[in-house]
Q: 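One structure, as structure tokens, below. Some questions next.
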Amino acid sequence: MSLLKEKLAGKMPAQAEAIKGFTKEYGSKVVSEVTLQQVYGGMRGVKGLVCDTSEVPPDKGLIIRGYELGEIKDRLPEEIFWLLLTGDLPTETELENLQADLTARSEVPSYVWSVLDTMPEDSHPMAMFNTGILIMQRESVFARRYAEGMPKSEYWEATLEDSLNIIARIPAIAAYIYRKKFRDGKRVEGDVNLDWGANFAHMLGIEDSDGSFKKLMRLYMTLHSDHEGGNVSAFSARTINSALSDLYYSLSGGLNGLAGPLHGLANQECLKWVLETMDKFDGNPTKEQLEKYTWDTLNAGRVIPGYGHAVLRVTDPRFTAFHAFGAEHFPEDPVFKTVSDIFEVVPSVLKQIEKISNPWPNVDAASGSLLYHYGLKEFEYYTVLFSVSRALGIAAQAIMQRGYGLPITRPKSLPTHKLKEIVGAN
Ligand code: AMX
């Protein structure tokens with residue numbers, strides 16, 4: 001048995017018991033009230049879900065199992081996966097065991113390449129990536145064991161098996177999509193001596209003589225790994241998985257949500273806007289020019305991509321970590337410089353617009369400029385990088401939910417006439 005499974009096996013039954021006892025004793029206590037505004041407003045702020053892998057306090061940003069991002073940003077993504085699941089950082093032996101397990105599971109079934117090869121050339125990389133995951137559903141240990149009559153107490157174990165198989169394989173799938181769509185179409189074989197994030201960087205085939213692109217990919221994978229349970233991709237994946245559709249179905253479904261321009265696709269939009277700005281002003285714009293262009297964009301009815309957030313009310317600590325990476329490795333890069341200048345200008349503009357709840361940058365405001373520096377200039381691909389990372393959190397959440405024995409998700413909807421009745425409107 002792998003050390004991760006052993007550790008979880010020692011915790012999961014007690015956790016499930018504790019949750020049962022907790023809900024039995026306090027089940028009728030009120031956690032949150034729902035206003036009509038929230039019913040019509042994407043349920044913003046309604047406390048109606050449990051997620052123990054991570055939390056996002058509006059005034060702090062991502063906290064994983066009690067660790068603020070600044071404390072763990074230099075950890076490997078596979079260490080973060082361990083942390084998300086167990087609540088502890090792995091020891092050296094535990095980490096090596098997990099890495100060996102992932103390497104042993106990393107061979108991608110050959111039909112995945114065939115399916116990707118038959119997709120139309122203009123398919124979006126996200127559609128290709130999610131297809132690559134979904135097409136592997138026939139490998140699901142959960143689906144097979146469920147059909148065999150697996151007891152409910154073992155759902156988490158089967159979900160862990162699916163998680164490890166998926167996490168082990170998606171870097172190669174994502175890298176092939178990049179090579180196929182934007183480079184010579186040839187796969188770069190994985191290197192078993194590299195860690196998960198560095199191996200992904202290696203398979204992308206980006207020039208990396210000083211190894212800093214590998215560092216960036218590790219950071220990228222760590223920073224995007226999880227962000228609570230209520231964001232579009234996590235919530236969609238959770239809902240699908242709650243029907244006991246296995247992780248292949250639920251992860252690809254959730255990642256289809258990440259492909260939306262208000263969620264994960266914003267990172268492709270963001271760099272586009274930065275470059276558009278530079279193009280317009282023939283290089284690095286002045287702060288005055290930036291301010292004017294920000295207003296022009298807003299007045300044209302467009303959003304400023306990379307700014308604002310549904311939950312956060314401060315600068316996203318993931319932006320801070322990416323910005324620090326750029327400042328350390330290539331402070332003079334013109335695109336990175338423009339991103340830095342935008343950070344000095346845009347919040348003061350957005351603050352003047354009353355309806356905007358958060359004028360500060362989110363994770364997407366800086367990440368694209370770092371990728372661009374390394375020659376990874378195909379914006380369309382950026383959300384796939386986000387997805388490879390976010391698979392860690394979505395998988396960890398699914399394992400926890402099945403471990404807790406949570407039921408199928410089913411909030412209640414009401415027609416407008418009923419809502420009118422409830423609030424006493426005519
Ligand atoms: N530029 C212009 N307008 C903005 C804005 C921005 N960056 N952020 C918010 N607004 C507008 C909204 O469009 C909304 O306008 P409307 O009432 O006319 O529709 C109004 O301000 C109120 O929005 P909000 O309560 O502040 O935010 P929200 O929770 O509804 O939406 C988000 C959050 C992220 C979708 C929004 O801030 C946005 O569109 N930002 C730009 C896109 C972006 O960066 N997305 C990435 C998010 C992180 C991620 O998932 N990767």
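Both ligands and their constituent atoms are indexed starting at 1 by order of listing.
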Q: Can a cation-pi geometry be assigned to K377 and Y372, taking NZ or CZ under 6.0 Å from the six-membered ring centre and within 45° of the ring axis?
A: yes
Q: What residue and heavy atom of the protein are closest to atom 33 (C) of ligand 1, and at what distance?
A: A310 N, 3.6 Å
Q: Give the residue and atom name of whichever protein heavy atom lies nearest to atom 38 (C) of ligand 1, and the separation in Å to one decimal.
A: Y307 O, 4.1 Å
Q: I'd like the name of whichever of L312, V349, I304 reaches closest to atom 1 (N) of ligand 1 through any heavy atom.
A: I304
Q: Do the ring planes of F213 and Y374 sit parallel (below 30°), tilted (30 to 60°) or perpendicular (above 60°)?
A: tilted
Q: Where is the nearest protein heavy atom to atom 25 (O) of ligand 1: which residue, which atom, and how far?
A: S357 OG, 2.9 Å
Q: Considering heavy atoms of the protein only, find what lies nearest to atom 46 (C) of ligand 1 and give residue, atom and distance to 0.1 Å.
A: A266 CB, 3.4 Å
Q: For ligand 1, which atoms, with element, lie under 4.0 Å from some heavy atom of H309?
A: 33 (C), 34 (C), 37 (O)
Q: Compute both the distance and the angle, then confirm whether R187 meets the cation-pi test with W113: under 6.0 Å from the six-membered ring centre, within 45 degrees of the axis.
A: yes
Q: Begin from the C-alpha positions of N362 and R318 and carry the test side chain to side chain donor-acceptor pair (under 3.5 Å) through to its verdict.
A: CA-CA 7 Å; N362 60 55; R318 301 171 297 176; over 6 Å; no
Q: I need the contact type for N231 against ligand 1. Using non-hydrogen atoms and a strict under-4.0 Å cut-off, is it side chain, backbone, both or neither?
A: neither
Q: Considering heavy atoms of the protein only, find what lies nearest to atom 39 (O) of ligand 1 and give residue, atom and distance to 0.1 Å.
A: L262 CD2, 3.7 Å
Q: Would you mind finding which of T294, T383, N362 brings a heavy atom closest to atom 47 (C) of ligand 1?
A: N362
Q: State, without any angle test, whether S236 and N256 hold a side-chain donor-acceptor pair at a distance under 3.5 Å.
A: no
Q: Which part of L298 is near ligand 1, with near meaning a heavy atom under 4.0 Å away: side chain, backbone, both or neither?
A: side chain
Q: Compute the minimum heavy-atom distance from R44 to ligand 1 and say whether it is under 4.0 Å.
A: yes
Q: In this structure, is the centre-to-centre distance between the rings of F22 and Y26 below 6.0 Å?
A: yes
Q: Parallel, tilted or perpendicular: which one describes the rings of Y146 and Y155, with boundaries at 30° and 60°?
A: tilted
Q: I want to know whether Y220 and F386 have ring centres closer than 6.0 Å.
A: no
Q: Using only heavy-atom distances, determine whether the side chains of E378 and Y178 contain a donor-acceptor pair under 3.5 Å.
A: yes
Q: May I ask you to identify the nearest protein heavy atom to atom 16 (P) of ligand 1, giving residue, atom name and distance to one decimal place in Å?
A: K355 NZ, 3.7 Å
Q: Looking only at protein heavy atoms, identify the closest one to atom 50 (O) of ligand 1 and say how far it is in Å.
A: H263 ND1, 2.8 Å
Q: How far is atom 10 (N) of ligand 1 from the closest protein heavy atom, and which atom is that?
A: I356 CG1, 3.6 Å
